Amino acid sequence: MYNKLIFEKSVAGANKRKLFNCDEKTVPEKYARKAKLNLPDVSEVDLVRHYQELARKAHGVANGFYPLGSCTMKYNPIINEEIASIENFRNIHPLQSQSDMQGSMEVMYKLKEALCEVTGMYDMTLQPSAGAHGELTSLMMIKQFHESNGEGYRNKVFIPDSAHGTNPASAAMVGYEVVEIPSTDGGFVDVKKLEELADEKTAALMLTNPNTLGIFERDIVKIAEIIHKAGGKLYYDGANMNAIMGYVRPGDMGFDVMHLNLHKTFSTPHGGGGPGSGPVGCTQELAPFLPNPSIKKNGEMYEFEDSDDSIGKVKSFYGNFLVNLRAYTYILSLGGKGLKEASENAVLNANYMKARLKEYYEMQSDGYCMHEFVMSASKIKDETGISALDIAKSMLDAKIHPPTMYFPLIVKEALMVEPTETESKKTLDYACDVLIDSAKLAYKDPEALHNAPSTTPVKRLDEVGAARNPILKYTEE
Amino acid sequence: MTSYVPNTDETRKQMMDVIGIKDTEELFCGVPGAVRLKRGINLADGKSEIEIRNIMRSLAAKNRTYKSCFLGAGVYNHYIPSVVMDVASTQEFLTAYTPYQAEISQGVLQAIFEYQTYICALTGMAASNASVYDGATALAEACMMTRTNNRKKVLISKGVNPEYIKVMDTWSRYAGLEMELVDIENYRTNPEDLKNKLNDNIAGVAIQSPNFFGTIEEMDEFEKIVHENKSLFIAVVNPISLAVLKSPGEYNADIAVGEGQSLGNSMANGGPYLGFMASTEKLIRKLPGRIAGQTTDSEGKRGFVLTLQAREQHIRREKASSNICSNQALNALTAAAYLGAMGETGLKQAALKSMENARYLQKKMNEIEGVETYQKDIFNEFVVKIPCFIGDLDKKLKENDILGGLYLGENMHLLAVTELNTAEDIDEFVQIVREVSAHV
């Protein structure tokens, strides 16, 4: 019964869900399905137990600490779920008249306004479904902007070597040439190099700030000046927005267009890999190019509006509405001061862990970090053979989700730690103790670490074999 | 004000002592003063949970829901078993992220693996990914999959959902993949127009069945035309219909995509939904996004991992098959739980009842003088001409708490039904149409 796929639990006739009496002859022979459907036949109780069993083999923020760098795995407030389950939000058809959805439209409008205030942007779309989708949308807007200025020849996008993989992938999708900008020893953008490279072909620079090392780009004003002088646009990857709310805004730093990850900074649940929401904000200059439709307020009524200059639609309808609704609930709950308090404590928690761990792991930045930090297990690896992967796997036995591993790519044996503000000192101390114990164990009993994890439902899995001989679905034997 | 920060002044002070600071302001010294936001965020103070409930409920009250629904056009009001909502709100699934750490994420990975199996079962295809954003982006990603060095254009039937065409139009303008539309005639894709537009630059052809207007298309015929031209055939399908209608696998489609909302996801004012994507064996390595695969652990026990990652952005960067990272995992889980709860018999009942209801409604419409319908082979949706002022019909429907179909202009309406429309609902709707059209 256990460790089986739902398909292996199937017994013909077990599912007794009876809804209607139907006649299969309704379907004209010519169009009728002949192939077997192969859905499992399980009773409701077995289905419930199946998913409970799977839940026991999963780990969410609700189960334990989840310091997965770059992903901002903060607590997902339960009230957000309650609000998103309200019938009058859930059961609205997207093609109902605008007068039927004024409540939803008010949420969209007010969320947009709030996000513009937090980011210092002029206008915003809530359409993109995730960060990468927001990047793609932004780059289309930048391309449209250049083309509308008769500068369609601009084809270079500068991306630091520490950037998320989505940045170059998104740039490539709109046909831009990716030019990698090296980082300095301190992990900053090499401004000199950027200055050399920026020319009349410059379309944009994509920047995450604080960057993926958890450091604020101190030369941001200079960087903005270089890109703008070359006629390019400055794109802000909002993955790390949780570090800076109420302290500094992308708009004030000189960014022209940006995305946010509501599933990171604004507490909406990650859902095992989605749905997210990746709103895109921009300056007044770029606003005409935002996707259609945009939402406006006209007197007391909210209205959708299309613009001729718009890049068009990037997704059906108005975005992941129920995700946006959760984010709006969160913003109302915290308010302006609460958002700043969140960033303040996210940064405090990260620096506390960094301070406690710096004797045991090599920190990749001097001084204070922002909301996350990158440490290397390089020295441990050289001296004991124990890698960042082994350290990460040992954390699984302590019921902690490991940090992001081997990213950014510029750091060897990287572990990227982002505790978020919703963790207590007790939790941080527990995680630090686990990491310190592992670092010590590497010297005393490396074999124990090689064999970790030992308490999880499975041991280390053969990933190479999985890719070499892909089995992507269950097939009855 | 609500706060989710668990630390107290006391624990914060202890932490600051370890760091060696007096004030958290010191931690922000790396942010240049010139760009600092000195005034703070100009938003109202936070609210209590009691206040939040009141505010959000009164906002919800400004939306209107209806007793019965005749609106579809790609988003459908299907029955959702109670157990599906319960599974989708399980905290372990809700609050996890992409299962990068396989050993601690077997539950999520197995759920994705099972979702992929369900999608392959429905579509009859060899492989499925773990979902993309929605039906529209699924089509756009599918079009991108067909592109080769020699073929850089796709043909899309005007019978495809116009929302999808609009999204594909945006993608095509920026992604270097040209697109042209194929005409429809009497709400069917015109095979002659397709033949005329095919040439050796056409990478792929996308046809939807049942199409946007509800007609079941001649997919067998189109498959032959498309493959003769050595282009790839993309089938855009309604997953519920696949319980009873021929699957893309049966008519040799190369890629099957569609909107997965109908599979247990609520209409949600437009999202989140999920786009499903399935392909032949040959195209597996061109699929975008996450894919779960089966493997074994160091002791030989079956387990699951994210696989074929060499396609993806975090490995391949600018050479990836797509930039997608986050997908719609929770909606995919919902779809899987739905298919598990419904099973073959349940899904067939939903599909057949929807189909029977549509035929009944179409027959009743035909009986009204002046009202015309045009299609013979429909699934759960069809076009009807109702000669009346749209305002009159709208008003009367609203008074009776009925959500009407999609207005297509010139007295044309697209009506959809599901298994949730009762015979009484349908008769009431028909009666209103009869009254309103008689007044013209």
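Quantities reported herein were computed from a predicted structural model and do not represent experimental measurements. Note on naming: letters A, B, ... go to the chains in the order of the sequence lines (proteins, then strands), and numbering restarts at 1 for each one.
- Among E250(B), E356(B), Q116(B), the residue making the largest number of heavy-atom pairs under 4.5 Å with chain A is E250(B).
- Of the two parts of L47(A), only the side chain, counted from C-beta on, holds a non-hydrogen atom closer than 4.5 Å to a non-hydrogen atom of chain B.
- One finds the CE atom of M355(B) at 11.0 Å from the CG atom of D23(A) (value rounded to the nearest 0.5 Å).
- Checking each of I79(A), N88(A), T329(A) against M56(B) for a side-chain contact (heavy atoms from CB on, under 4.5 Å) leaves exactly one that passes, namely T329(A).
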task = Could you walk me through whether T295(B) and E463(A) pass the side-chain contact (heavy atoms from CB on, under 4.5 Å) test, one step at a time?
result = CA-CA 7 Å; T295(B) 188; E463(A) 296 193 17; over 6 Å; no
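- Of the listed residues H314(B), R53(B), R316(B), the one with more heavy-atom pairs under 4.5 angstrom with chain A than any other is R53(B).
- Neither the backbone nor the side chain of A310(B) comes within contact range of chain A; no heavy atoms are under 4.5 Å apart.
- Ranked by non-hydrogen atom pairs under 4.5 Å with chain B, the options V323(A), V107(A), V178(A), I83(A) are led by I83(A).
- Looking at L274(B), there are no atoms closer than 4.5 Å to chain A (heavy atoms on both sides), in backbone or side chain.
- Counting heavy atoms from C-beta on, the side chains of H59(A) and Q101(B) never come closer than 4.5 Å.
- Residue contact with chain A, scored on non-hydrogen atoms closer than 4.5 Å, involves the backbone and the side chain of A175(B) alike.
- Rounded to the nearest 0.5 Å, atoms CZ (R64(B)) and CD (Q102(A)) are 14.0 Å apart.
- In this structure, chain A has a heavy atom under 4.5 Å from the side chain of T345(B), while its backbone stays farther away.
- Residues L5(A) and F304(B) have side chains in contact (heavy-atom distance under 4.5 Å, counting atoms from C-beta outward).
- Contact of F20(A) with chain B is made through backbone and side chain together, with heavy-atom distances under 4.5 Å.
- Only the side chain of P453(A) has a heavy atom closer than 4.5 Å to any heavy atom of chain B.
- Considering only heavy atoms from C-beta on, V83(B) stays 4.5 Å or farther from Y51(A) through its side chain.
- The greatest number of non-hydrogen atom pairs below 4.5 Å with chain A, out of I284(B), I291(B), T296(B), is found for T296(B).
- Heavy atoms of D41(A) lying under 4.5 Å from chain B are absent altogether.
- Residue C120(B) touches chain A through its side chain alone, counting heavy-atom pairs closer than 4.5 Å.
- Within the 4.5 angstrom heavy-atom criterion, atoms from both the backbone and the side chain of P457(A) approach chain B.
- For L403(B), the part lying under 4.5 angstrom from a heavy atom of chain A is the side chain only.
- Contact record, A172(A) with E318(B): CB-O, 3.3 Å, taken as the closest heavy-atom pair.
- For the residue pair M1(B) and G338(A), the shortest heavy atom distance occurs at CE-CA, 3.8 Å.
- Chain B forms more heavy-atom pairs under 4.5 Å with one residue of K143(A), K315(A), M253(A) than with any other, namely K315(A).
- To the nearest 0.5 Å, atom OG of residue S3(B) and atom CG of residue N345(A) are 7.5 Å apart.
- Considering only heavy-atom pairs separated by less than 4.5 Å from chain A, the leading option among V108(B), I19(B), V305(B), T307(B) is I19(B).
- The CD1 atom of I244(A) sits 11.0 Å away from atom CZ of R36(B), with the distance rounded to the nearest 0.5 Å.
- For a residue to count as touching a neighbouring chain, one of its non-hydrogen atoms must lie under 4.5 Å from one of that chain's; by this rule F321(A) touches chain B with backbone and side chain alike.
- M370(A) places a side-chain heavy atom less than 4.5 Å from the side chain of V31(B).
- For the atom pair CD (E92(B)) and CG (N63(A)), the distance works out to 4.5 Å, reported to the nearest 0.5 Å.
- Highest contact tally toward chain B, considering only A392(A), A466(A), G272(A), is held by G272(A) [criterion: heavy-atom pairs under 4.5 Å].
- Of the atoms belonging to A130(B), not a single heavy atom falls under 4.5 Å from chain A.
- When the candidates Y164(B), Y100(B), Y273(B) are compared by the number of heavy-atom contacts under 4.5 Å with chain A, Y273(B) comes out ahead.
- Between Y4(B) and K74(A), every side-chain heavy-atom pair lies at or beyond the 4.5 Å cut-off.
- If you take CG on L37(B) and CG on D252(A), they are separated by 6.0 Å, rounding to the nearest 0.5 Å.
- Chain B forms the most heavy-atom pairs under 4.5 Å with one residue out of Y318(A), Y474(A), Y75(A), F7(A), and that residue is F7(A).
- Proximity to chain B (any heavy atom under 4.5 Å) is restricted, for I86(A), to the side chain, taken from C-beta onward.
- Within the 4.5 angstrom heavy-atom criterion, only side-chain atoms of I331(A), from C-beta onward, approach chain B.
- Judged purely by distance below 3.5 Å, without hydrogens or angles, the side chains of N63(B) and S104(A) pair a donor atom with an acceptor atom.
- With a 4.5 Å cut-off on non-hydrogen atoms, V87(B) touches chain A through its side chain but not through its backbone.
- Each of A111(B), G176(B), A60(B) has some count of heavy-atom pairs under 4.5 Å with chain A, and the biggest count is that of A60(B).
- Within the 4.5 angstrom heavy-atom criterion, atoms from both the backbone and the side chain of N269(B) approach chain A.
- Only the side chain of M73(A) comes within contact range of chain B, with heavy atoms under 4.5 Å apart.
- Heavy-atom pairs under 4.5 Å with chain B were tallied for E81(A), E341(A), H263(A); the largest tally goes to E341(A).
- Looking at L68(A), only its side chain comes within 4.5 Å of chain B, counting heavy atoms on both sides.
- Relative orientation of the H133(A) and Y133(B) rings is parallel, given thresholds of 30° and 60° on the angle between their planes.
- Interface remark: of the candidates V42(A), N15(A), N38(A), N15(A) forms the most heavy-atom pairs closer than 4.5 Å to chain B.
- In this structure, a donor-acceptor pair under 3.5 Å is present between the side chains of Q144(A) and Y174(B).
- Looking only at side-chain heavy atoms (C-beta outward), M15(B) and N349(A) come within less than 4.5 Å of each other.
- In this structure, the side chains of N320(A) and Q328(B) come closer than 4.5 Å at one or more pairs of heavy atoms.
- The contact between T11(B) and chain A is made by backbone and side chain atoms together, counting heavy-atom distances below 4.5 Å.
- Residue contact with chain A, scored on non-hydrogen atoms closer than 4.5 Å, is absent for E259(B).
- Proximity to chain B (any heavy atom under 4.5 Å) is restricted, for V221(A), to the side chain, taken from C-beta onward.
- Only the side chain of R359(B) comes within contact range of chain A, with heavy atoms under 4.5 Å apart.
- Among K57(A), K393(A), R460(A), the one residue that satisfies the side chain to side chain donor-acceptor pair (under 3.5 Å) test with E103(B) is K393(A).
- Contact annotation: the side chain of S128(B) never approaches that of L472(A) to less than 4.5 Å [non-hydrogen atoms, C-beta and beyond].
- At a 4.5 Å heavy-atom cutoff, the contact between A32(A) and chain B is made by backbone and side-chain atoms alike.
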